[in-house]
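To start, the structure itself, in structure tokens.
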Amino acid sequence: MNPSTTPTGADAPPPSGADYSDAFAGIDAIVGDGLGAPDAAPAPAPTPAPVAPPPPSAPEPAPGPAPTAKSNPDDLLNLDRFTQKQEPVEKPKVEDAPKRTEKTDPSSLKQFREQYEMTKKERDDLANKIQELERAKADGTRKEIEEATKALKGEMDAIRARAEELDTEVRYLNYTRSNEYKEKYETPLRNAWKSALDDIDGIRVTEEDGTERDVSHEDIMAILNVPTAKAAIIAQEMFGAAAPELMAHRRRILELTQARDASIKEWKEKGAQREVEKSKQLEGRQSRSRELFDSSIKDYETRHAQLFAKEDGDEDGNKLLDEGDQLIRIAMRGEGVDADLGYDDKVDLITKAQAQVALRARAYGRERLRNIKLQQRIAELEKKVGKVRASEPGQGGGVAESGRSAPKNPEDAIDEIQGSGW
């Protein structure tokens with residue numbers, strides 16, 4: 001028997017060799033909660049609640065095997081009662097928990113709830129803000145992609161339109177340099193020649209002197225540059241059974257060549273006609289520009305004759321106007337230039353004339369302003385002289401000369417003032 005499960009004191013069994021039947025008869029009345037597990041160190045245990053004694057059981061048979069922690073049907077003596085069971089510790093239920101006697105501060109609870117609601121609102125606002133930022137980012141990215149795609153498409157359309165415009169211009173100037181010529185005529189004709197050369201590969205012909213050689217492209221050229229009937233005879237003599245195939249290649253090459261030559265001729269005629277039309281349009285524009293130029297000058301001469309029109313008796317001024325007209329013809333129209341001058345000299349002369357016109361146009365406003373100010377100054381001086389003349393003392397007893405005429409200009413008035421003895 002394990003010493004830790006042996007009763008002590010008054011309940012101890014009799015000495016060895018005594019009769020144990022009486023002891024076993026009251027074993028059911030023994031409470032085993034205070035007994036430790038085998039080989040377990042002694043430890044204080046909580047005071048157990050009173051437990052009702054189990055009903056008396058029938059006498060047990062003789063002792064059997066050693067007791068185990070769990071109930072064993074073979075344990076006839078029911079010794080597992082002496083083993084303390086390790087029951088899982090259960091948390092006390094809410095209703096079993098002792099009620100708090102202290103009261104909760106209502107103001108603290110209210111503040112806690114307000115803080116909780118505020119924090120919850122801040123959390124929701126932050127979540128909404130994050131969603132808005134994510135949507136804005138997605139929308140911004142999508143918008144940037146759409147704008148970039150639209151801009152790229154616009155650039156591609158502009159490049160494509162420019163390429164088509166240039167290709168059209170090339171067709172008029174030199175059709176053989178255009179993309180249309182290469183796609184419709186050059187590439188198919190090259191493929192037809194390649195197919196014909198592939199078909200004659202390996203064929204050998206016999207010359208008049210009995211020597212043999214491989215067929216070349218020159219042999220195909222020989223049947224291309226002669227009428228069809230003669231080409232058929234040459235092909236039969238040279239290629240034998242392969243003559244029909246070579247004649248078919250000949251027909252295809254000739255068709256493509258004729259279509260190519262006709263297209264080149266057509267676009268040459270179109271280009272020449274286009275140049276004539278462009279020359280007419282240019283001449284019409286130039287004629288309209290000249291008419292507008294001349295009519296504008298005449299209009300200014302009429303409305304501002306004191307500035308641009310010639311005056312009778314003013315030979316020096318009229319000569320300057322003629323020189324200005326000659327400068328304008330050279331600068332604006334290239335007229336009046338010596339025909340014996342070289343091209344570079346003509347360009348230099350016209351450029352200098354244009355610079356002179358630009359300088360005169362630049363200085364015109366300032367000189368016109370100066371002229372107006374001088375005229376205003378003269379008018380002020382004439383007014384002052386008139387006042388002085390009107391205030392002169394008369395001759396012969398102080399009687400004013402009522403019949404005296406006013407001076408014609410400021411110089412005459414000054415002379416009169418000096419002659420009166422001032």
Side-chain angles (χ1 to χ4, degrees), residues 145-146 148-284 343:
I145 293 175
E146 291 176 355
T149 303
K150 184 178 179 181
L152 181 61
K153 185 178 181 300
E155 293 179 2
M156 293 299 295
D157 292 341
I159 293 173
R160 189 179 295 107
R162 181 59 177 165
E164 293 176 357
E165 180 182 354
L166 292 176
D167 190 63
T168 302
E169 189 71 21
V170 169
R171 285 200 294 268
Y172 284 109
L173 298 176
N174 188 353
Y175 182 65
T176 60
R177 303 278 306 270
S178 66
N179 293 329
E180 181 182 279
Y181 172 81
K182 294 177 181 178
E183 294 175 359
K184 293 180 64 175
Y185 303 106
E186 182 177 334
T187 301
L189 187 59
R190 184 183 293 110
N191 293 336
W193 266 100
K194 184 177 183 302
S195 178
L197 294 175
D198 291 341
D199 286 349
I200 66 174
D201 186 26
I203 298 178
R204 296 180 65 81
V205 296
T206 303
E207 297 285 355
E208 295 179 356
D209 58 358
T211 59
E212 291 186 355
R213 62 174 179 81
D214 293 332
V215 177
S216 65
H217 69 281
E218 295 178 352
D219 298 320
I220 299 178
M221 292 293 297
I223 63 176
L224 287 174
N225 296 326
V226 295
T228 303
K230 187 175 181 179
I233 295 173
I234 296 175
Q236 185 64 37
E237 293 176 352
M238 185 175 297
F239 303 108
E245 293 293 332
L246 268 297
M247 290 299 292
H249 286 299
R250 174 184 180 275
R251 186 178 304 107
R252 174 62 176 164
I253 293 173
L254 286 178
E255 290 175 352
L256 291 174
T257 303
Q258 291 171 359
R260 179 199 65 181
D261 295 343
S263 183
I264 292 174
K265 181 180 179 181
E266 177 185 0
W267 280 102
K268 282 184 178 179
E269 294 175 353
K270 288 181 178 180
Q273 183 64 27
R274 182 170 178 263
E275 290 299 322
V276 172
E277 293 176 356
K278 290 176 64 176
S279 298
K280 290 181 178 179
Q281 292 177 358
L282 179 60
E283 184 178 355
Y343 176 79

Note to self: I'd like to know if the side chain of D199 and the backbone of E245 have a donor-acceptor N/O pair within less than 3.5 Å.
What the structure shows: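 Absent.
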
Notebook entry, point to check: Quick check: does any side chain N or O of N191 sit under 3.5 Å from a backbone N or O of T187, one acting as donor and the other as acceptor?
Noted result: yes

Would you give the length of the straight line joining atom [atom1] of [X] to atom [atom2] of [Y], rounded to the nearest 0.5 angstrom?
{"X": "H249", "Y": "L197", "atom1": "NE2", "atom2": "CG", "answer": "9.0 Å"}
{"X": "I220", "Y": "W193", "atom1": "CD1", "atom2": "CH2", "answer": "5.0 Å"}
{"X": "I145", "Y": "L152", "atom1": "CD1", "atom2": "CG", "answer": "13.0 Å"}
{"X": "R204", "Y": "T211", "atom1": "CZ", "atom2": "OG1", "answer": "9.5 Å"}
{"X": "D261", "Y": "E266", "atom1": "CG", "atom2": "CD", "answer": "13.0 Å"}
{"X": "R171", "Y": "R177", "atom1": "CZ", "atom2": "CZ", "answer": "14.5 Å"}

Any non-hydrogen side-chain atom of [X] less than 4.5 Å from a side-chain atom of [Y]?
{"X": "D219", "Y": "I200", "result": "no"}
{"X": "W267", "Y": "E180", "result": "yes"}
{"X": "L173", "Y": "E275", "result": "yes"}
{"X": "R250", "Y": "T228", "result": "yes"}

Check: Given the rule in the side-chain contact (heavy atoms from CB on, under 4.5 Å) test, do T176 and E186 qualify, once you have shown the distances and angles that lead to the verdict?
Finding: CA-CA 9 Å; T176 60; E186 182 177 334; over 6 Å; no

Margin query: M247 vs Q236, test: side-chain contact (heavy atoms from CB on, under 4.5 Å). Steps then yes/no.
Written below: CA-CA 10 Å; M247 290 299 292; Q236 185 64 37; over 6 Å; no

Enclosure of [X] [atom1] (heavy-atom neighbours >12, cutoff 6.0 Å):
{"X": "E212", "atom1": "CD", "value": "yes"}
{"X": "K230", "atom1": "NZ", "value": "no"}
{"X": "R252", "atom1": "CZ", "value": "no"}

Can you give me the closest heavy-atom contact between [X] and [Y], atom names plus distance?
{"X": "L256", "Y": "P188", "result": "CD1-O, 3.5 Å"}
{"X": "I234", "Y": "A222", "result": "CD1-O, 4.4 Å"}
{"X": "I203", "Y": "A242", "result": "CD1-CB, 4.1 Å"}

Notebook entry, point to check: For Y175 and S263, does a side-chain donor sit closer than 3.5 Å to a side-chain acceptor?
Noted result: yes

Notebook entry, point to check: Would you say the side-chain atoms of R260 and T257 include a donor-acceptor pair closer than 3.5 Å?
Noted result: no

Charged N to carboxylate O below 4.0 Å: is that the case for [X] and [Y]?
{"X": "E165", "Y": "R162", "answer": "yes"}
{"X": "K153", "Y": "E146", "answer": "no"}
{"X": "E255", "Y": "R251", "answer": "no"}

